[in-house]
Amino acid sequence: MAINWFPGHMHKARKEIKQVMPQMDLIIEVLDARIPFSSENPMVPALRGDTPVIKVLNKRDLADPDITARWQGWLEQEKDIRAVTLSHNHRDEALAILRLAQEMVPDSIRDTRALRIMILGIPNVGKSTLINTLAGRPVAKTGNEPAVTRAQQAIKLPDNILLYDTPGFLWPKLSPEECGYRLAVTGAIRAAVIEYEDVALFAADYLLQAYPERVCERYGLDGAPEDGLALMDAIAARRRFFAKGGVPDLHKVSEVLLNELRAGTLGAISLETPAMVETEQAREAILQQQEAAREEEKKATRKRRR
């Protein structure tokens, strides 16, 4: 299943962000520490130009710390990008982000006017919670469902800082395909537009590969099942999730597996590594080249037939 979610308000948000981006001194992009690549919007580099960026790997407590450290180094390979980690309700850490922002912007700008910072983030990465933490008051609406923020707003912060909040937006095509699944696993895509069983099967397959001992311990299994579907069947048997006729209730299993993964019940888990992403990108580039070659061949065939 190809997962895509780009409702109208996201298209509107992208246009509005593009208009005001040239006025910004710095960008804070909030990422999910479990999926730093999949939650990093590929449209942002084209929109930001040379504007410096702080990548905030949020929900650090839910992610594998060793893999998170690898992601920090990977992200900071690009010029004018700093990567920091953040956990929920750590105000001192959040305020340190603003201090870093001031260090990254020339004194000549900060001495003459307010420092203008735009904060970006895809749905459900904790952007609004971070804004409220920075402001020290509830100025941004929060919620467990993605896409809560629908309009831009400018928020005055101490030290002559203006923080521009923006709606979370995805991009028209989630590629590589695994990105869409990982976003769905973490809850960045509304449940109404995904197939729970399909997404849970993707998660089950990955967990067996990356964290088999964790899964077996959590669900009381003597050994790792051979694949994701077998794992889901085993969870159904252990938790007694059965539909009519004694058939495993895979929808119930899917809800439990995804909810426990999202809540951190399975422990600190990262869903992607830099090496995984580089492999996927290389494969995607080959597929795109092959698709382009097929299109050229079709055009050539049509010309010969005229």
Minimum side-chain heavy-atom gap L221-L231 below 4.5 Å: yes
Smallest heavy-atom separation, A94 atom then L130 atom, equals CB-CD1, 3.8 Å
Tell me whether I109 shares a hydrophobic cluster with I97, the cluster being built from Ile, Leu, Val, Met, Phe, Trp, Tyr side chains joined at under 4.5 Å. yes
Given the rule in the side-chain contact (heavy atoms from CB on, under 4.5 Å) test, do T265 and R218 qualify, once you have shown the distances and angles that lead to the verdict? CA-CA 8 Å; T265 308; R218 173 62 189 166; 3.5 Å; yes
Shortest non-hydrogen pair, I28 vs L26, comes out as CG1-CD2, 3.9 Å
Charged N to carboxylate O below 4.0 Å: is that the case for K303 and E296? no
Applying salt bridge (charged side-chain N to carboxylate O under 4.0 Å, His left out), run through D50 and K79 and close with a yes or a no. CA-CA 9 Å; D50 296 326; K79 183 183 177 184; over 6 Å; no
Verify same cluster id: L120, V20 (apolar side-chain graph, 4.5 Å): yes
Please check if any side-chain donor atom of T133 sits under 3.5 Å from a side-chain acceptor atom of R91, or the reverse. no
Measure up the F37 and W74 rings against each other and bin them: parallel (under 30°), tilted (30 to 60°), perpendicular (over 60°). perpendicular
Audit row: I189, V199, side-chain contact (heavy atoms from CB on, under 4.5 Å) steps and yes/no: CA-CA 11 Å; I189 298 176; V199 173; over 6 Å; no
Do E178 and Y206 pair up side chain to side chain, a donor and an acceptor below 3.5 Å, judged on atom types alone? no
Using a strict cut-off of less than 4.0 Å between a Lys/Arg side-chain nitrogen and an Asp/Glu carboxylate oxygen, indicate whether R48 and D80 qualify as a salt bridge. no
Close side-chain approach of I155 to R137, heavy-atom, < 4.5 Å: yes
Do Y181 and L271 have side-chain heavy atoms sitting under 4.5 Å apart? no
Quick check: do V125 and E29 have side-chain heavy atoms less than 4.5 Å from each other? no
Would you check, one step at a time, whether the test side-chain contact (heavy atoms from CB on, under 4.5 Å) holds for D25 with I117? CA-CA 6 Å; D25 302 311; I117 299 175; 5.9 Å; no
Other residues, nucleotides and ligands only: do more than 12 of their heavy atoms fall within 6.0 Å of CZ on R240? no
Check whether any side-chain heavy atom of V84 sits under 4.5 Å from a side-chain heavy atom of I54, and report yes or no. yes
Given side chains that start at C-beta, do those of H251 and F241 come closer than 4.5 Å, heavy atoms only? no
Using the rule given for side-chain contact (heavy atoms from CB on, under 4.5 Å), can you reason through M232 versus L201, listing the C-alpha separation, both sets of side-chain angles and the distance that settles it, and then say yes or no? CA-CA 8 Å; M232 293 175 71; L201 180 58; 4.1 Å; yes
Determine the minimum heavy-atom distance between A63 and T68, stating which atoms define it. CB-OG1, 3.5 Å
Which atoms form the tightest heavy-atom contact between D159 and Q102, and what is the distance? CB-NE2, 3.5 Å
Side-chain contact test, heavy atoms from C-beta onward, threshold under 4.5 Å: evaluate it for K55 versus I81 and give yes or no. yes
Take atom CD of E291 as the centre, draw a 6.0 Å sphere, and report whether it contains more than 12 heavy atoms from other residues, nucleotides or ligands. yes
Is it true that R182 and E280 have a side-chain N and a carboxylate O under 4.0 angstrom from each other? yes
I'd like to check L250 versus Y196 (side-chain heavy atoms, cut-off strictly below 4.5 Å). Are they in contact? no
Let me check something: do L57 and L62 share a hydrophobic cluster, defined by ILVMFWY side-chain heavy atoms less than 4.5 Å apart, either directly or through other members? no
